[in-house]
Peer 1: 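Here's a structure for you.
In each ligand, atom 1 is the first atom listed, and ligand 1 is the first ligand listed. Here the structure is a predicted model, which means the values were calculated and not measured.
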Amino acid sequence: MRSVLRSRSELPVAVFDSGLGGLTVVQEMRRQLPQEAIVYLGDSARVPYGTRSPATVVRYASACARFLLEQDPKLLVVACNTASAVALPVLNDTLSLPVLGVISAGARAALARTKIGRIGVVGTAGTINSGAYPREISAIDSTVQVFQMPAPLFVPLAEEGWVEGEVPLIAAQRYLAPLVEQGVDVILLGCTHYPLLRRSIEQALARLGSTAEIVDSATAMAARVGRALDSHGLVRPAAAEVSGALHCFVTDAPANFSQVASRFLGEPLDRVEVVDIS
Ligand code: DGL
C-alpha cells in the first residue's frame, strides 16, 4: 500500500554492471546525490562481459534490466562500458523508463580535458571493438584523434582486489605504452573496473615518462544522473524516508563481492543478496 502512495521521485535509481566495477559509479552517485536510494546489481555469475559477443552482452544486459525493473526504479544506469557500448539502443527501445549509459559521459569528460586533441582509450575488447568511444568523440569533435587499446587483464585484477604491486603495474605498462607512443595527453578509463587500478595506472604512466591525465566516467556519470533526474522531475526530496539506502544484489559469490566492494566504496556493505536472473 505504501509503495502505491510513494511519489516516483522517492523510487530508487537502478544501476547494473557485470560485477564490481559499476560501484565506482555508485560511489560517485552517493557523494553527489546522497539522498537517492540505489539498487545495484552486479552480474558476478557472468562477468566478464568484455570478452563476449555483442549478442550475448545484449542478452545478459536485458536480463539485468528485467530483474531491476522488478525493484520499481525511476531510472536505470548501465554502469558497464561494454553493455553501454553494445546494448544501450536495445534497452532504450524496449524499456519505458529513462536509461543512461556511461560512454557519452566518458567521451565528454575526456574531450573536456584534452588540450592537444589526442585521447587514448583503454577498455575491454568488447568496448574497443564496438568503436563506441571514437564514434561518440568524433560526433562531438571530429578533429580529435582517438587511439585505443584493449586491457582485458585489468578486469580480473580488479575483481580479485589485486590492484597494486608489480603485477598490475607491469600489465598497465604493457597496455599504456602504445598509447603513450602516440603522444596522447588524456587516458580515458573506458571500463568501470579500471578506476580501481588508478594508482597502478598512474605509476605506469610515470614510468613511461608520460604526463597524460587519467579520466574516468564515474564522476561525469553521477553528474549526468543528477541532471537526468532533475530534467524528469525525479530528484528525491532530501528529507525523504530511507534516503540514501544502498541495496546490492549479485548473481554469484556475495562474500568476495562484499569484501572487495566495501574496500573501495569506503563503507561496509551489509546487504548483499544473491539472485538468479537467468
Ligand atoms: N564492466 C565492464 C566494462 O565496464 C568490465 C568488466 C567486464 O568485462 O565485464 O566494460
Side-chain angles (χ1 to χ4, degrees), residues 14-29 40-65 68 76-88 91 99-107 109-110 121-136 148-163 168 171-172 175 187-198 201 214-222 224 248-253 256-257 260-261 264-265 277:
V15 182
F16 80 86
D17 177 42
S18 54
L20 277 161
L23 287 173
T24 55
V25 176
V26 169
Q27 183 184 27
E28 265 306 313
M29 285 171 61
Y40 182 86
L41 172 65
D43 192 8
S44 46
R46 297 185 288 191
V47 67
Y49 284 10
T51 53
R52 313 207 187 260
S53 69
T56 298
V57 174
V58 169
R59 195 154 44 82
Y60 288 178
S62 302
C64 290
L68 285 170
L76 177 65
V77 177
V78 183
C80 173
N81 284 256
T82 312
S84 298
V86 302
L88 202 62
L91 297 178
V99 183
L100 301 180
V102 284
I103 301 287
S104 159
V121 179
V122 280
T124 66
T127 298
I128 298 302
N129 292 338
S130 76
Y133 275 112
R135 228 180 2 259
E136 189 78 27
Q148 301 198 96
M149 178 57 92
L153 279 183
F154 283 168
V155 171
L157 287 169
E159 288 283 325
E160 272 296 309
W162 193 354
V163 294
Y175 290 141
I187 296 286
L188 172 58
L189 305 184
C191 172
T192 35
H193 283 61
Y194 297 179
L196 303 182
L197 288 115
R198 196 181 181 104
I201 293 169
I214 299 168
V215 169
D216 72 68
S217 56
T219 311
M221 190 60 208
R224 186 152 170 253
C248 285
F249 296 93
V250 291
T251 51
D252 202 5
N256 182 50
F257 181 93
V260 182
F264 73 85
L265 259 184
I277 61 166

Peer 1: Is the Phe154 ring parallel, tilted or perpendicular to the Tyr194 ring (thresholds 30°, 60°)?
Peer 2: perpendicular
Peer 1: If only atom types and distance count, is the side chain of Tyr133 paired as donor or acceptor with the main-chain N or O of Gly106 below 3.5 Å?
Peer 2: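 Looks like no, no N/O pair under 3.5 Å.
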Peer 1: State which residue, out of Leu189, Val121, Leu188, fulfils the side-chain contact (heavy atoms from CB on, under 4.5 Å) condition with Val215.
Peer 2: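 Passing option: Leu188.
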Peer 1: Please state which protein non-hydrogen atom is closest to atom 5 (C) of ligand 1 and give its distance, to 0.1 Å?
Peer 2: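 Heavy-atom neighbour on the protein nearest atom 5 (C) of ligand 1: Cys191 SG, 3.3 Å.
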Peer 1: If we set the cut-off at 4.0 Å for heavy atoms, which region of Thr82 has an atom near ligand 1: side chain, backbone, both, or neither?
Peer 2: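 Within the 4.0 Å criterion, Thr82 contacts ligand 1 through backbone and side-chain atoms alike.
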Peer 1: Please identify which atoms of ligand 1 are closer than 4.0 Å to at least one heavy atom of Asp17.
Peer 2: 1 (N), 2 (C)
Peer 1: Identify the closest protein heavy atom to atom 8 (O) of ligand 1: which residue and atom is it, and at what distance?
Peer 2: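 The closest heavy atom on the protein side is Gly50 N, 2.8 Å.
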Peer 1: Please examine the side chains of Cys191 and Thr127, heavy atoms only from C-beta on, and report whether any two atoms are closer than 4.5 Å.
Peer 2: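 No, side chains not in contact.
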Peer 1: Side chain, backbone, both or neither: which part of Asn81 comes within less than 4.0 Å of ligand 1 when only heavy atoms are counted?
Peer 2: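 The answer is both.
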Peer 1: Say whether, by atom type as modelled, one donor and one acceptor occur between the side chain of Thr24 and the main chain of Thr192 under 3.5 angstrom.
Peer 2: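 Looks like yes, one N/O pair under 3.5 Å.
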Peer 1: I'd like to check which ligand 1 atoms, numbered from 1 as shown, lie under 4.0 Å from a non-hydrogen atom of Val155.
Peer 2: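 Near Val155, meaning under 4.0 Å from one of its heavy atoms, ligand 1 has 5 (C), 6 (C).
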Peer 1: Can you tell which part of Thr124 has a heavy atom less than 4.0 Å from ligand 1: side chain, backbone, both or neither?
Peer 2: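 Answer for Thr124: side chain.
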Peer 1: Val47 heavy atoms, cut-off 4.0 Å: which ligand 1 atoms fall inside?
Peer 2: 9 (O)
Peer 1: List every atom of ligand 1 that sits less than 4.0 Å from any heavy atom of His193, numbering the atoms from 1 in the order shown and giving each element.
Peer 2: 1 (N), 5 (C), 6 (C)
Peer 1: Given 3.5 Å as the limit, does a donor-acceptor pair link the side chain of Glu28 with the main chain of Ala220, or not?
Peer 2: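 Checking the backbone N and O of Ala220 against the side chain of Glu28, no donor-acceptor pair under 3.5 Å is found.
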Peer 1: Looking only at protein heavy atoms, which one is nearest to atom 2 (C) of ligand 1, and what is the separation?
Peer 2: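 Answer, as residue, atom name and distance: Cys80 SG, 3.4 Å.
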Peer 1: Suppose I only count heavy atoms of Tyr49 and a 4.0 Å limit; which atoms of ligand 1 are within that range?
Peer 2: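 Checking each atom against Tyr49, I get 7 (C), 8 (O), 9 (O).
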Peer 1: Checking the side chain of Arg198 only, and the main-chain atoms of Ile214 only, is there a donor and an acceptor separated by less than 3.5 Å?
Peer 2: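 Pair found, side chain donor or acceptor close to backbone of Ile214.
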Peer 1: Side chain of Arg224, backbone of Gly101: donor and acceptor closer than 3.5 Å?
Peer 2: yes
Peer 1: Side chain or backbone, does Pro48 bring an N or O within less than 3.5 Å of an N or O on ligand 1?
Peer 2: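 N/O-N/O distance under 3.5 Å: no.
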Peer 1: Relative to the heavy atoms of Ser18, which atoms of ligand 1 are at a distance of less than 4.0 Å?
Peer 2: 1 (N), 2 (C), 6 (C), 7 (C), 9 (O)
Peer 1: Thr251 and Asp43: side-chain donor and acceptor closer than 3.5 Å?
Peer 2: yes
